[in-house]
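Have a look at the structure below before the remarks.
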Amino acid sequence: MNRERIPRLHLIGPLNGVLTPDSYAAVAARAAEGGVDAIHVRLPGAPGGEIMRLAEEVMARLGSNVRVTLFVNDRVDVAALVSAGGAHLGERSLPVAQARRLLGVDALIGRSVHDVRGAAQAQDDGADFVLAGHVFDTDSKPDQPGKGVHWISELTRAVSIPVIAIGGISVECVGPVIQAGAWGVAVGRELLTASDPKAVAESIRIRIEQK
Amino acid sequence: MTLERRLRRYLVTDSGAGSVERLVSICEEAIQGGITAVQLRAKDWSDRELLRAACDLRAACDRAGTLFIVNDRVDIALASNADGVHLGVDDLPVGVARELLGPGKVIGYSPETPDDRIAAEEAGVDYLGVGPVFGTQTKGDAGEALRLDRFAELVTQSNVPVIGIGGIAIDDARSVIKAGAVGVAVVGAVFFAKEPRAAAIELVAQIP
C-alpha cells in the first residue's frame, strides 16, 4: 500500500456531548477546507439509519472534494452503502478481513490499537493504518494517563503500516508526535470545539508536513 | 421448505442470555424442539460477540434447516452468511439493505405505520413482523399492544406474509395464526423458558 494514500489529518466525531450529529457535518466540511483529509463518522450504538444519514450528509457536503476520505466507524454495511472510502474498526468491531471482504480491495481500513501487540496484529490482519492512543491525557478517558510520544516511536518501529496518533492531540504537540514517527494525527475536541475549525486544521496540517 | 413455512415458529434472541455460548445453546435447544427460524438480536453486544454468535447460529441452523436472520446488521449477516436480516424503522432502509444483500436473501421489516409498511413492500421486503400483538417486557420501546382484532386487520392490509410478535405466550400462538399470521415470533416464552426445548415442543403442539 502506498503510504501517500493514507490520510494524515483525521477528524473524529461527533463525540457524544461535544457536537450533535447535525452540526458535525458542517464543522467537518470546514475542517476539510483547512486540510483534514479523513472524516470519521463515529456514533457508537446509534441505529443504522442514523449513522447512514450522517454519513450521507458528510458526503454531500464534501461534494467534489476527493482529497477527503470518509471513514464510517464499526458499521461496515453503512460504509459500503454510502460508498465511503473507508471503514474504521475497534478491537471489538468486525475483524479487518471481514470488512475487507465487504468493502473490496480499494477501501481503506483502519484499526484502533492500544499497544504494540495490537498494532502488529492489525498489520497482520491487513489493516491499512492504525489509530494509536491515547498518546496524551484526554478528557475522553480521564482515568487513563496518556502513553506519551515515546510510545509512538516504539509503535512505528514495530509496524510498517502508518501510525496515526490519537488522544489529547493539540496543535502544539503535533510536531513532536510526527518527529516520533507518526504518519499523522487524529483529532476530536481540538477541532470540534474550535471557533474556526478551518484555521485550526491549517495549523495542524502545516505541522504534520513540516517534519 | 417455503419461506412462509420457515417463518412459522420464529425465535428472537435477547442479550439477556449473558454470553455467546449461552445464547447459542438456548437456540440449539429451541431448534431441537421445533423452532423453524432464529433471529439474532442482542442489543449492546460488541460486534465481535455478535459475529461469533452469528457464525455459531449459522452452523446450528444449517444442521436443522432452520432459517437464520440477523437483526439490523447487514454487515454481520453477510459476514456470517445468514439467510437475511430483520430491519426496524430506525435501521438501514429496506431498499439499501437489498442492494447489499442481493435478491436471494430474506429481508424482514417491522413497520410502525401503514406508510412504513407500504414503503417496505415497494422496496421488496419478504415478510413483516407486526406487533406488539400483546404487551411485552423484552422490548422496552415496542409501544402499546395491538390486540388480536387490530392485528388481524393489519394482516389483511399487508401484501407480504406477516408474523406476529410481542408478548406472545405459547398458549396465544394458535390465536395469532388464526388472526392470519403465517408465523409467530416468540422471545420470552421460549428464550427465557426454564427448558427452551420443552417450550418449543409445546409451541409445535399449538401450531404444528
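In what follows, every chain begins at residue 1, and chains take the letters A, B, ... in the order their sequences are listed.
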Value rounded to 0.5 Å, distance of [atom1] in [X] from [atom2] in [Y]:
{"X": "L94(A)", "Y": "L50(B)", "atom1": "CG", "atom2": "CG", "value": "8.5 Å"}
{"X": "E91(A)", "Y": "R48(B)", "atom1": "CD", "atom2": "CZ", "value": "8.5 Å"}
{"X": "D90(B)", "Y": "I51(A)", "atom1": "CG", "atom2": "CD1", "value": "11.0 Å"}
{"X": "D74(A)", "Y": "D75(B)", "atom1": "CG", "atom2": "CG", "value": "9.0 Å"}
{"X": "R92(A)", "Y": "D47(B)", "atom1": "CZ", "atom2": "CG", "value": "9.0 Å"}

Checking heavy atoms, do the side chain of [X], its backbone, both or neither come under 4.5 Å from chain B?
{"X": "P44(A)", "answer": "neither"}
{"X": "R75(A)", "answer": "both"}
{"X": "L102(A)", "answer": "side chain"}
{"X": "Q98(A)", "answer": "side chain"}

A quick test of your reading: do over 12 heavy atoms of other residues, nucleotides or ligands sit less than 6.0 Å from [atom1] of [X]?
{"X": "E195(B)", "atom1": "CD", "value": "no"}
{"X": "D124(A)", "atom1": "CG", "value": "yes"}
{"X": "R98(B)", "atom1": "CZ", "value": "yes"}

Check your understanding: Are side-chain heavy atoms of L51(B) and P95(A) found at a separation under 4.5 Å?
Key -> yes
Check your understanding: Which atoms of L78(B) come close to chain A, meaning under 4.5 Å heavy atom to heavy atom: side chain ones, backbone ones, both, or neither?
Key ->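 For L78(B), the contact with chain A is made by backbone and side chain together.
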